[in-house]
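Below is one structure, written out as structure tokens; the observations come after it.
Below, read A as the first sequence line, B as the second, and so on, with proteins coming before strands; counting in each chain starts at 1.
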Amino acid sequence: MSIRVRFAPSPTGHIHVGNLRTALFNYLFAKNQNGQTILRIEDTDTVRSTLESEELIYKDLDWVGLEFDESPLFEGDYSPYRQSDRLDIYKKYADKLLEDGFAYYCFCSKEELDAEREKAAKESRPPLYNLKCANTSLDEAKKRIANGEKPAIRFRAFKENIIVKDIIHGDIDFPTNSFGDFIIVRPDDMPIYNYVVVVDDALMKISHVIRGDDHLSNTPKQALIFEALGFETPIFAHIPMIVGDDHAKLSKRHGTTSVEQFRDNGYLPEALINYLALLSWSSDDGKEVFSIDELIERFSIKRVSKSAAVFDFDKLNWMNGQHIRLLDSDRLFKECLPYMKSIELLTDEFIEQNIYRLKECLLSVKDSLVTIKDVTQNISVYFKQPDDITSAAKEILELESTKPVLENFIQLIGDDEYLTIDRYKSIMKEIQTTIGVKGKPLYMAVRVGISKSTEGPELDSLTTLIPVKCIKKRIEKVLLIKK
RNA sequence: GACCCGUUCGUCUAGCUUGGCCUAGGACACCUGCCUUUCACGUAGGCAACAGGGGUUCAAAUCCCCUACGGGUCGCCA
């Protein structure tokens, strides 16, 4: 049997990390097993689905690097891949179900059903359909339809128990009287999720259905339909949900949750993917930092745990830092570019002319970045002296030795455009011997002179990547504060 | 309420199938030391968990039962 999996989002907005994790597990499983990945757009809810949202899904998937073998964009052998384009197919199988007696027309009104449900709730019995239309013959129903009535189509729960085979949870036995006969097509002819998903999965030859375990309770209904239609039931794998720190389903109020937001906040796609992979899955040797290819190689659906995972922003931050440290200079530059442009002095022209130096600056702050967004903060010291001096820096400034150190430094710095590392070192040595200041008071004085701060990139980088002219000006300014 | 699912450090998890190697391992966070003439990075340590109760067994995180708690579903949403 060839392995085929699908990711089937509804186009109702940006992809949420929970959905992305589902997409990822499908993808990793398929790639690991040499299977195919299918992206299907589930837009039977015409009220909430939009084409714009569909575009957002493509965009998000593209950013994280998840490519699907078949999708509305790359039609394969099982087109179309958008449910709204498959309506006639659903119609055909609904008719078959009707003919075979696995489904029947239901003329009960929504109001009627709502009242019934309410009544059931009051009497604290399960809100099952009362089977009012269950025995209406197909011929009679057709007559009523000819007379202008608009019925829904209801599926008959035709057996008492159904066993769902799930890789993660094992076999689960559901009594069908816990849900009863259920609607598969609305009176306006729009088919319902639990039904279309079966037709699509069967026709698209999906071998494994990997999805969130919030769908577990729907699965017996779907398994019933697979049987009624004579299709082979796929193997299920219901993966645990991702929850917030309050253990409720992850949602907007927990902070950043959409893929787009993570991108905008300076997270690397490979870091997000890596972090998400570690939610409910772990490698057999405890290693945690992986490239996507390594994840594919190591992924096993059998190592997915059963319990919900709390999304931990701290660990994602750490993971992002790990992946930033893995970036080469070119990629780092590319990722940082949009953020560098937000720094006032860095015009497109300036960036164009200073690529080499900028890359060096980026390299010098790389290890301190948590998100790519942080470059703005970290790198700005190279281009502009901060307006304010930190209190720790002020203490250095108060030192008696600081003034002579700085004055000497400007004097020795020379007229070259930039200081070389050797030149810088010899200057420091010279100051040390002439005024006898060494260690912290010496190095910190220069650091504070340049950046008004005791923190930041290495002094080597600061002194060699800032033009000599600017260093002079900066130190002169700081000397002014001293007076 | 009914039906399902779940429960190991604060968090992510390993271990559970095939009981003993578990004095329960790793990671994030936190704390401490080291490194770095700064912060960060890195590095070496530390803190910290088998939901509870009954069984079975020479031996239980691991097998069985019960309880508690958490979650999901019960739509003419997906």
Discussion item. Of the options rG26(B), rC4(B), rA14(B), whose atoms approach the side-chain atoms of S305(A) most closely?
Written reply: rA14(B)
Fill in: For F409(A), ring pair (Phe, Tyr, Trp, His ring centres under 6.0 Å) partners two or more places apart
none
Worksheet item: With the threshold set at 4.0 Å, does a side-chain nitrogen-carboxylate oxygen contact exist between E54(A) and R82(A)?
Response: yes
Which protein N or O atoms sit under 3.5 Å from an N or O of nucleotides 43-45 of chain B?
none

Discussion item. Less than 6.0 angstrom from the centroid, inside 45 degrees of the normal: does K359(A) satisfy that with respect to the ring of F333(A)?
Written reply: yes
Discussion item. Rounding to an integer number of Å, can you tell me how far I242(A) CD1 sits from rU13(B) P?
Written reply: 9 Å
Worksheet item: Across all strands shown, which nucleotide pairs with rA48(B) by Watson-Crick or G-U wobble geometry, both distances under 3.5 Å?
Response: none
Worksheet item: What integer number of Å spans the P atoms of rC63(B) and rU17(B)?
Response: 5 Å
Worksheet entry | Nucleic acid contacts - residues 312-324 of chain A versus RNA chain B, non-hydrogen atoms under 4.0 Å | D312(A), D314(A), K315(A), W318(A), Q322(A)
Discussion item. Strictly below 4.0 Å, N to O, side chains only: are D387(A) and K452(A) in salt-bridge contact?
Written reply: no
Discussion item. Looking at rG1(B), which nucleotide sits across from it as a Watson-Crick or G-U wobble partner, both distances under 3.5 angstrom, or is there none?
Written reply: rC74(B)
Worksheet item: Do E112(A) and K110(A) meet the salt-bridge criterion of a basic N to acidic O distance under 4.0 Å?
Response: no
Discussion item. Say we look at rC64(B) and rC28(B): how far apart would their C1' atoms be, to the nearest angstrom?
Written reply: 36 Å
Discussion item. Please determine whether side chain to side chain contact (heavy atoms under 4.5 Å, CB included) holds for the pair Y104(A) and L131(A), giving the CA-CA distance in whole Å, both sets of side-chain angles, and the decisive distance to 0.1 Å.
Written reply: CA-CA 10 Å; Y104(A) 55 87; L131(A) 304 180; 4.0 Å; yes
Worksheet item: So what's rU56(B) paired with, Watson-Crick or G-U wobble, going by both distances under 3.5 Å?
Response: none
Item to complete: Identify whether the distance between the nearest side-chain nitrogen and carboxylate oxygen of K287(A) and E294(A) falls below 4.0 Å.
Response: yes
Worksheet entry | Spacing of E288(A) atom CD relative to rU11(B) atom P, expressed in whole Å | 16 Å
Worksheet, complete the sentence: Readout for nucleotides 73-78 of chain B: B = base within 4.0 Å of protein heavy atom, S = sugar-phosphate only, - = neither; 5' to 3' it is SSSBBB
Practice prompt. Using the test side chain to side chain donor-acceptor pair (under 3.5 Å), find all partners of K315(A) that sit at least two apart in sequence or belong to another chain.
Written response: E288(A)
Worksheet item: In whole Å, what separates the C1' atom of rG25(B) from that of rA49(B)?
Response: 12 Å
Worksheet item: Side-chain N or O of H169(A) less than 4.0 angstrom from OP1 or OP2 on rG6(B)?
Response: yes
Discussion item. In this structure, how many angstroms lie between the P atom of rU11(B) and the CG atom of D246(A), rounded?
Written reply: 13 Å
Item to complete: To the nearest Å, give me how far apart NZ (K366(A)) and P (rG42(B)) are.
Response: 12 Å
Discussion item. Over all strands shown, is S280(A) touching base, sugar-phosphate only, or nothing at heavy-atom distances under 4.0 angstrom?
Written reply: sugar-phosphate
Worksheet item: Tell me: CZ of R303(A) to C1' of rU17(B), nearest whole Å?
Response: 13 Å
Fill in: ring pair (Phe, Tyr, Trp, His ring centres under 6.0 Å) against Y90(A), all qualifying residues, sequence neighbours excluded
none
Worksheet item: For the pair made of CD in E160(A) and P in rA2(B), what is the distance, rounded to whole Å?
Response: 20 Å
Discussion item. Looking at K91(A) and D95(A), is there a salt bridge between them, counting it only when a charged N and a carboxylate O are closer than 4.0 Å?
Written reply: yes
Fill in: Pairwise C1' distance for rC65(B) and rU56(B), with rounding to whole Å
11 Å
Worksheet entry | Gap in Å between the two C1' atoms, one belonging to rU23(B) and one to rG15(B), rounded | 15 Å
Fill in: Atom C1', compared across rA14(B) and rG55(B): separation rounded to whole Å
28 Å
Worksheet item: Got a sec, which pairs hit side chain to side chain donor-acceptor pair (under 3.5 Å) with one end in residues 6-23 of chain A, sequence neighbours left out?
Response: R6(A)-D201(A), H14(A)-D60(A), H14(A)-E260(A), R21(A)-S280(A)
Worksheet item: Which pairs, with at least one residue in residues 266-282 of chain A and sequence neighbours excluded, count as a salt bridge (Lys or Arg N to Asp or Glu O under 4.0 Å)?
Response: E270(A)-R331(A)
Worksheet item: In the structure shown, which nucleotide is the Watson-Crick or G-U wobble counterpart of rA68(B), with both distances under 3.5 Å?
Response: rU7(B)
Item to complete: Please state the P separation for the pair rC66(B) and rA29(B) - nearest whole angstrom.
Response: 42 Å
Discussion item. If the threshold is 4.0 Å, N to carboxylate O, is there a salt bridge linking R117(A) and D114(A)?
Written reply: yes
Fill in: For rU36(B), the Watson-Crick or wobble counterpart (both distances under 3.5 Å)
none
Discussion item. Test of understanding: with ring pair (Phe, Tyr, Trp, His ring centres under 6.0 Å), list the residues that count as partners of H208(A), not counting sequence neighbours.
Written reply: F29(A)
Fill in: side chain to side chain donor-acceptor pair (under 3.5 Å) partners for S368(A), two or more places apart
N378(A)
Worksheet item: Pairs in or reaching into residues 152-163 of chain A: which pass salt bridge (Lys or Arg N to Asp or Glu O under 4.0 Å), with residues at least two apart or in two chains?
Response: K159(A)-E227(A)
Worksheet, complete the sentence: Here the distance between atom P of rA51(B) and atom NE2 of H247(A), to the nearest Å, is 14 Å
Worksheet item: What is the distance, rounded to the nearest whole Å, between atom CG of L278(A) and atom P of rU13(B)?
Response: 8 Å
Worksheet item: Expressed as a whole number of Å, how far does the P atom of rC58(B) sit from that of rC16(B)?
Response: 23 Å
Item to complete: Starting at the 5' end of nucleotides 33-40 of chain B, put B wherever the base has a protein heavy atom under 4.0 Å, S where only the sugar-phosphate does, and a dash everywhere else.
Response: ----BBBS
